[in-house]
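Just below is one structure, and these are the notes that go with it.
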Amino acid sequence: RRPAGDTPTFDPRATPVPRRHMLVLMGVGTVAVSGGLGALLAGCAGPPVTVTLDISPADLEVGVPMEVQFTLVEGSSSTPASTWLVKKASGELVSYDPRCTHANCRYDWTDEGDRFKCACHDGQFALDGAVLAGPPPRPLNRWPNRVVGDTIEVDVPSNFETPKESLPT
């Protein structure tokens with residue numbers, strides 16, 4: 001026992017931090033660092049480039065994905081690109097980045113199984129972009145879009161690169 005009036009001192013070598021507390025602290029630190037790094041990298045991407053697609057919203061069938069090709073022009077350079085458009089029953093349009101979230105490979109829609117499939121590592125995604133199978137770490141990325149009159153505008157990241165060919169490994 002401690003004598004009355006004696007103030008306890010904390011000695012980290014004598015008082016180990018419980019494992020559970022240490023794991024929580026490590027997790028919080030990781031989230032803080034990765035969030036800061038993500039914000040830093042997002043700032044390096046530059047502003048998006050708005051592209052007007054050569055398709056009318058009326059040409060899209062509800063629940064049937066359509067890949068729409070376009071050329072991304074930035075300054076004096078041009079990059080072949082595309083987006084997958086999906087029209088929901090509500091009329092809302094979803095524009096998906098054409099690159100798999102696992103290795104930036106190109107994916108395609110297959111009516112067999114009603115899913116997007118990437119042949120690189122057998123990544124599979126539902127119509128709503130959710131991961132169904134394979135190694136993709138997250139759902140398909142979406143690009144902001146809007147209907148302007150009879151056209152569709154999509155905001156594409158200025159650092160967009162054409163997807164790798166989807167070849168089985």
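Only a predicted model underlies this, so the values are computations on that prediction, with no experimental measurement involved. Throughout, residue positions are numbered sequentially from 1 according to the sequence presented.
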Nearest heavy-atom neighbours spanning [X] and [Y]:
{"X": "Pro65", "Y": "Gly63", "value": "CD-O, 3.6 Å"}
{"X": "Pro135", "Y": "His121", "value": "CD-O, 3.2 Å"}
{"X": "Asp150", "Y": "Ser56", "value": "OD1-OG, 2.6 Å"}
{"X": "Trp84", "Y": "Pro98", "value": "CD1-CA, 4.3 Å"}
{"X": "Phe160", "Y": "Ala81", "value": "CE2-CB, 3.4 Å"}

Is there a side-chain contact between [X] and [Y], using heavy atoms and a 4.5 Å cut-off?
{"X": "Ile55", "Y": "Leu60", "answer": "yes"}
{"X": "Val86", "Y": "Leu127", "answer": "yes"}
{"X": "Thr52", "Y": "Ile152", "answer": "no"}
{"X": "Pro163", "Y": "Cys105", "answer": "no"}

Please test Lys88 against Val62 for side-chain contact (heavy atoms from CB on, under 4.5 Å), starting from the C-alpha separation and ending with a verdict. CA-CA 5 Å; Lys88 293 183 174 183; Val62 172; 5.9 Å; no
With rounding to the nearest 0.5 Å, note down the distance linking [atom1] in [X] to [atom2] in [Y].
{"X": "Leu72", "Y": "Ser82", "atom1": "CG", "atom2": "OG", "answer": "11.5 Å"}
{"X": "Asp155", "Y": "Thr50", "atom1": "CG", "atom2": "OG1", "answer": "4.0 Å"}
{"X": "Cys100", "Y": "Asp108", "atom1": "SG", "atom2": "CG", "answer": "11.5 Å"}
{"X": "Gln69", "Y": "Leu53", "atom1": "CD", "atom2": "CG", "answer": "10.5 Å"}

Does any donor atom in the side chain of Ser95 or Thr83 lie under 3.5 Å from an acceptor atom in the other side chain?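 Side-chain D/A pair, Ser95 to Thr83: present.
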By salt bridge (Lys or Arg N to Asp or Glu O under 4.0 Å), which residues pair with Glu67, not counting sequence neighbours?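 For Glu67 the salt bridge (Lys or Arg N to Asp or Glu O under 4.0 Å) partners, ignoring immediate neighbours, are Arg106.
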Suppose we screen for salt bridge (Lys or Arg N to Asp or Glu O under 4.0 Å). Which residues come up paired with Glu112, at least two apart in sequence or across chains?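 Glu112 satisfies salt bridge (Lys or Arg N to Asp or Glu O under 4.0 Å) with no residue once adjacent residues are dropped.
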List the residues meeting side-chain contact (heavy atoms from CB on, under 4.5 Å) with Leu132, not counting sequence neighbours, and say none if there are none.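 Leu132 satisfies side-chain contact (heavy atoms from CB on, under 4.5 Å) with Arg115, Gln124, Ala126 once adjacent residues are dropped.
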Can you list everything that forms a ring pair (Phe, Tyr, Trp, His ring centres under 6.0 Å) with Tyr96? Sequence neighbours excluded, please.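 Ring pair (Phe, Tyr, Trp, His ring centres under 6.0 Å) list for Tyr96, sorted by chain: Phe116.
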With sequence neighbours left out, write down each residue that passes ring pair (Phe, Tyr, Trp, His ring centres under 6.0 Å) with Phe125, or none if nothing qualifies.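 Expected list: none.
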Between Thr71 (side chain only) and Ser78 (backbone N and O only), is there a donor and an acceptor less than 3.5 Å apart?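 Side chain of Thr71 to backbone of Ser78, a donor-acceptor pair under 3.5 Å: no, none is there.
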Strictly distance-based, threshold 3.5 Å: is any side-chain N or O of Lys87 a donor or acceptor partner for the main-chain N or O of Pro57?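 Yes, Lys87 side chain to Pro57 backbone: donor-acceptor pair under 3.5 Å.
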More than 12 non-hydrogen atoms from neighbouring residues, nucleotides or ligands closer than 6.0 Å to CD on Glu161, yes or no?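 It does not: Glu161 CD has 12 such atoms or fewer within range.
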Atom pairs and distances, side-chain donor-acceptor, residues 137-145, under 3.5 Å, sequence neighbours left out:
from, atom 1, to, atom 2, distance (Å)
Arg142, NH2, Asp128, O, 3.2
Asn145, ND2, Leu93, O, 3.1

